[in-house]
Amino acid sequence: MLEDQAEVLSIIRKVQYDGNLDEKIFESAIVQGQEFKERYIDEFESASIPFFFDTVNGLEHIFWSQIHGPIVDKIRQKINIQIREKARQRAEEEGFAPITLIGEADQ
């Protein structure tokens with residue numbers, strides 16, 4: 001399921017905006033802690049995607065122009081997979097790893 005995240009986000013954007021990307025429309029994602037923030041910064045800078053952080057309803061978000069949405073979809077998927085794998089490894093090292101994680105049972 002997580003491996004399809006970029007494709008799903010792209011489909012949602014195409015349905016909502018009729019396939020048109022607008023540089024004046026901004027998209028965002030909640031930043032789920034410092035590790036996510038650091039990875040977003042690294043990936044966005046590596047891809048030369050302008051971004052900024054702001055707090056909305058008490059939660060920190062990263063924002064980017066919709067024009068970069070398709071690339072950001074792939075970045076978000078990559079980061080989520082990396083963080084998930086790191087959490088799995090940590091759990092295995094500590095003896096708390098489940099046999100399968102949610103979303104892996106159907107693979």
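In this text, all values refer to a predicted model and were calculated from it rather than measured experimentally. We number each residue from 1, following the sequence as shown.
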Distance from E85 atom CD to R88 atom CZ, nearest 0.5 Å?
6.5 Å
Going only through I, L, V, M, F, W and Y residues with side-chain contacts under 4.5 Å, is there a path from L21 to I62?
no
What's the spacing between I11 CD1 and L9 CG if we round to 0.5 Å?
9.5 Å
Using modelled atom types only, decide if a donor and an acceptor are shared between the side chain of S10 and the backbone of A6 within a distance under 3.5 Å.
no
Could you tell me the separation between the CD1 atom of I49 and the CD1 atom of I67, rounded to the nearest 0.5 Å?
11.5 Å
So side-chain hydrogen bond (donor to acceptor under 3.5 Å, both in side chains) across residues 19-30, not counting sequence neighbours, yields R13-E27, E27-W64
Among side-chain atoms of Q5 and N80, is any donor-acceptor pair under 3.5 angstrom?
yes
Below 4.5 Å, heavy atoms only, C-beta onward: do V56 and I30 meet side chain to side chain?
no
Just do the side chain to side chain contact (heavy atoms under 4.5 Å, CB included) check on Q34 and K37 with the steps written out, would you?
CA-CA 5 Å; Q34 189 62 31; K37 185 172 186 174; 4.2 Å; yes
What distance do K86 atom NZ and R39 atom CZ have between them, rounded to the nearest 0.5 Å?
5.5 Å
To the nearest 0.5 Å, atom CD of Q66 lies from atom CD of Q16 at 8.5 Å
Same cluster (ILVMFWY, side-chain, under 4.5 Å), F51 and F26:
no
Please check if I71 and I79 belong to a single hydrophobic cluster, counting links between Ile, Leu, Val, Met, Phe, Trp and Tyr side chain heavy atoms closer than 4.5 Å.
yes
Check which hydrophobic residues are tied to Y17 through side-chain heavy-atom contacts below 4.5 Å, counting indirect links as well, and list them.
I25
Quick one: pull up CD in Q82 and CD in Q77 and give me the separation to the nearest 0.5 Å.
11.0 Å
All pairs passing side-chain hydrogen bond (donor to acceptor under 3.5 Å, both in side chains) where residues 49-58 contributes a residue, at least two apart
none
Is the F36 ring parallel, tilted or perpendicular to the Y40 ring (thresholds 30°, 60°)?
tilted
Whether over 12 other heavy atoms sit under 6.0 Å from E7 CD
no
May I ask you to decide if the ring planes of F63 and F52 are parallel, tilted or perpendicular, using 30° and 60° as cut-offs?
parallel
Side-chain heavy atoms of H61 within contact of F53, under 4.5 Å:
no
